[in-house]
Number of protein chains: 2
Amino acid sequence: MAQNDTVTRILDTAEVLFAERGFAETSLRTITSKAKVNLAAVNYHFGSKKSLIQAVFARYLDPFTERFHGALDDLERRYQGQAIPLEELLETMARSVLEVPAERNSLKVFMRLLGLAYSQAQGHLRRYIQQDYGSVFTRFTELIRQATPELPDAERFWRLHFMLGTVIFTLSGLDALRDIAEKDYDEHVTVRDLVRRLRPVVVSAMQAPLPAPPTAREA
Amino acid sequence: MAQNDTVTRILDTAEVLFAERGFAETSLRTITSKAKVNLAAVNYHFGSKKSLIQAVFARYLDPFTERFHGALDDLERRYQGQAIPLEELLETMARSVLEVPAERNSLKVFMRLLGLAYSQAQGHLRRYIQQDYGSVFTRFTELIRQATPELPDAERFWRLHFMLGTVIFTLSGLDALRDIAEKDYDEHVTVRDLVRRLRPVVVSAMQAPLPAPPTAREA
DNA sequence: CCACGTTTGAAACAATTGTTTATAACCAGG
DNA sequence: CCTGGTTATAAACAATTGTTTCAAACGTGG
């Protein structure tokens, strides 16, 4: 199948280049020449560069959200209305993240793309992701809420984003960090190693004591 | 003084635009028109766009590193060779970060720039920062090492970067997150609020139990 | 085999980018 | 005052960008 082949080659090449250099820094000519397709093919098949970017994300996020929803279904069935422990929820999320790129490209690319979606301005991207994939995140946070009833809502909100930062920042900058780590501690880290290290850190962070109330002179 | 005025206006405008949209997405024409200076002024005073980017960083990092070094000097003098407690070190870093932009622009811009330095490819930037400001980071990590002797070196390395991600991600995305937080919990968060919330989270994260050793099937 | 919608191909387009050039304005020191 | 180096200005440059165009090739259903 000719079209599908062209479309796939564009997506495969684009996601790697985007992950390496960002969206604005990756030209369509770079993509199409590396993918060995005609320059006009991108606009023909995707309409625009913006749509290509969204298509790259969709190819990761569609299977991920489906799998994650399924995993949450299992979990809720297993716990029958009781609150699901925090560790279970985090574990489930980690597993869902780890599984998806196995059937696609590398996890590194996936994480790097997520990091870019947050850091690059690209307003259209954040809007697109929020609109199409926000529901699974809402569902997850609600379960987290039930798992951490002792936390005030605002505190939990911020801590979730603290941890989101930890994960995205680390995994999306993995290559650079891995180079340093290997040189200094000659240890070859895999993504799975990192997830293993992340687990106790995230759990402890979420269960940290509440902050002291603001002092008077901070007002 | 004419030159200084032009140079300052360029830097003031550039740092805001860079923080808002990233480096590649901000053209020299946008900067110079908003700053009301001639387009050629950037190349005349800075040489190139790359150098302008570095100059924007230097204007934040120079006073920061000086202040931070000074604060660490005080701390070491006060503790006379004994290990400085982890909380003190983190507190000192937080204070140094909070103080600097007070004499310059907003902390938000500073954090956003730091986030960009990591996320945008811009190889030259990371190299420049590492080369010119790496020493204070090295000094800080060594003190952290003495404060957390129970942590294996590699584990501490990764946890420090976990926390770096937490801080940079949260503070650099502050605007978007603040909007959500205000709408959902009608709470007006300041940067100082966030630092207060971050403190116990970071401490707990650094002191989390060590991860379980990798299981056999993960090899 | 032919006709028709789909896909590819090479070229051109218009807009934008960073940088350079040459000229003018400025502003001190003699 | 005017002269010499510094700064400002407008214009042009060359390169690169995303997108469009239109003709050629393709491939499938009649």
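Naming: A, B, ... by sequence-line order, numbering from 1 per chain.
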Without decimals, in angstroms, what is the distance between [X] [atom1] and [N] [atom2]?
X: I31(A); N: dT16(D); atom1: CD1; atom2: P; value: 17 Å
X: E25(B); N: dT17(D); atom1: CD; atom2: C1'; value: 14 Å
X: K36(B); N: dA10(D); atom1: NZ; atom2: C1'; value: 18 Å
X: K49(B); N: dT20(C); atom1: NZ; atom2: C1'; value: 17 Å
X: N43(B); N: dT7(D); atom1: CG; atom2: C1'; value: 14 Å
X: L52(B); N: dT17(C); atom1: CG; atom2: P; value: 15 Å
X: R9(B); N: dT7(D); atom1: CZ; atom2: C1'; value: 13 Å

Strictly below 4.0 Å: does S27(A) bring a side-chain N or O up to OP1 or OP2 of dT16(D)? no

At under 4.0 Å, does any side-chain N or O of T6(B) touch on OP1 or OP2 of dA8(D)? yes

Assign A41(B) to base, sugar-phosphate, or nothing according to its heavy-atom contacts below 4.0 angstrom with the strands shown. nothing

Using a heavy-atom cut-off of 4.0 Å across all strands, would you classify T32(A) as base, sugar-phosphate, or nothing? nothing

Would you please indicate if the ring centroids of [X] and [Y] are separated by under 6.0 Å?
X: F110(B); Y: Y60(B); result: yes
X: F57(B); Y: Y128(B); result: no
X: F64(B); Y: Y133(B); result: no

Mapping Y44(B) and T26(A) onto DNA chain D by nearest heavy atom, which one lands closer to the 5' end? Y44(B)

On DNA chain D, compare the nucleotides closest to G47(A) and T30(A); which residue's is nearer the 5' end? T30(A)

Choosing from [options], which nucleotide comes nearest the side chain of [X]?
X: H45(B); options: dT19(C), dA8(D), dT19(D); answer: dA8(D)
X: N38(B); options: dA10(D), dT19(C), dT8(C); answer: dA10(D)
X: R29(A); options: dA12(D), dT21(D), dT19(D); answer: dT19(D)
X: L28(B); options: dT19(C), dG18(D), dA8(D); answer: dT19(C)
X: L39(A); options: dA10(C), dA12(C), dT7(C); answer: dA12(C)

I'd like to know if the side chain of D74(A) reaches the main chain of A71(A), judged simply by a donor and an acceptor atom lying under 3.5 Å from each other, with no hydrogens or angles considered. no

Short question: side chain of S204(A), backbone of V201(A) - any donor-acceptor pair under 3.5 Å? no

